[in-house]
Protein chains: 2
Amino acid sequence: MSGKQNSYHHGNLREVLLETAFRLVDSDGVEAISMRALAREAGVSSAAPFRHFADKRVLLDAVAEKAAAELERKLDESTAACSDALTQFRAMSVAYVRFAAEHPALFDLIHGTESVSAGFLGEVKDERRLNLIALIIEGQNAGLIPEADPELIALTSEALTHGLARMIVDRHPRLRTLSSEEARQLALAATHLLQTGIGLT
Amino acid sequence: MSGKQNSYHHGNLREVLLETAFRLVDSDGVEAISMRALAREAGVSSAAPFRHFADKRVLLDAVAEKAAAELERKLDESTAACSDALTQFRAMSVAYVRFAAEHPALFDLIHGTESVSAGFLGEVKDERRLNLIALIIEGQNAGLIPEADPELIALTSEALTHGLARMIVDRHPRLRTLSSEEARQLALAATHLLQTGIGLT
DNA sequence: CGTCAATGTTAGCGCCGCTAACATTGGAAA
DNA sequence: TTTCCAATGTTAGCGGCGCTAACATTGACG
């Protein structure tokens, strides 16, 4: 199915367009893609892509969903070898920040896409949040975590991780040209700091 | 100078274009602006704007710089009535998050614009960072803040604030439709949490 | 074997960013 | 005051874009 080159019907156009767009966004950013260029790349007329994606926004939504699924996969992977819940949480923070450092354009696209947070992947994220909140309540019952609103604690943790990732993507002056390993160490250090508090009371 | 309407020369075109673009980005997002539409709005031919901005990127850079200056202004304002350094820091976090909630498209443009973090306003931000670090070291000398790397503490604080702002702009499921007052309370609660730590040790 | 839905094609509309060549004008220099 | 020129406007147009309509090809299925 991948080598059909002399037939009128391409046979695999939708996936080829999607993968090409995915690669192009990852390497050159979302502004680098155009429907016509994708069509040329696939060796197809400039109207053909519209048989598979109603408009450009829909195609970008699909790319964003693919990227979000990839991020999800990496987050799951990261917690595979973690026994307790705390190390799971920290591993996920690290994986999240690393993804942002390695694929800034995809990270950007994911969060700039309405349909991602609204759709299935938003629910995945919500499920993760509920897990985190359950963990926090557990910690509070055991007397390990102060009795603040668990929702607030979860939100603050998320915000810290998301903020680190965003500062990298947004090329914050202190964080531009951050390697993946440096990103890992930074995420570890920052989440540790959140746990112990910075003591500014 | 503002009412020249029947003359060949507009007389104030650069500023009019800039202000129109600023308003349009703020209300409808960066994708809503086009050079030709701006020209029409200003009652001028579609080539005229290029006498003042070499290309669209340069115009957007100028809008971003204006927006960043506005943000700077609000940050300065927010600390006016604060005596000690800690309340200054928290007031700035609140102002930062509020700006993001009230002007998401401008906030987005600021951070997506290379020239802003590279140029003058990046230096302003750096100066702010140095102030924060000085405050942290002071706190450490007084025994109020743990002996972690002051740079790291500063970075973590920034990341939390930036993360909250970004979650709002990115329409995080839990934070969409957040009012300015809710943003204020959230920022206060989260920075407080950072100070005390969430105790997940 | 015929037909039809899926999926390709060509042609073209209107908008865009941007440029070249020309027009107007206000203000500095003579 | 007159002259002239740099600044800043104009028109016309190129090529690329997103997208649509009308038509062409074909494989799968009755």
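Each chain gets a letter, A, B and so on, in the order its sequence line appears, and its residues count up from 1.
- Look at NZ on Lys56(A): it is 14 Å from C1' on dC15(C), rounded to the nearest Å.
- Less than 4.0 Å separates DNA chain C from at least one heavy atom of each of the following residues of residues 31-52 of chain A: Arg36(A), Val44(A), Ser45(A), Ala47(A), Ala48(A), Arg51(A), His52(A).
- Residues Leu60(A) and Val30(A) have side chains in contact (heavy-atom distance under 4.5 Å, counting atoms from C-beta outward).
- In this structure, CG of Asp55(A) is placed 18 Å from P of dC15(C), rounded to the nearest angstrom.
- Here Phe107(B) and His103(B) keep their ring centres 6.0 angstrom or further from each other.
- One interatomic measurement links the two molecules: CZ of Phe53(A) to P of dG8(C), which rounds to 11 Å at whole-angstrom precision.
- With rounding to whole Å, Asn12(B) atom CG is found 15 Å from dG9(D) atom C1'.
- Following rounding to the nearest Å, Leu17(A) (CG) and dT7(C) (P) show an atom-to-atom distance of 12 Å.
- To the nearest 0.5 Å, atoms NE2 (His162(A)) and CD (Glu158(A)) are separated by 9.5 Å.
- Atom CD1 of Ile133(B) and atom CD of Glu151(B) lie 4.0 Å apart (nearest 0.5 Å).
- Checked by atom type, the side-chain pair Ser179(A)/Glu182(A) shows a donor-acceptor distance below 3.5 Å.
- Note: Asp28(B) CG to Ile33(B) CD1 = 11.0 Å, rounded to the nearest 0.5 Å.
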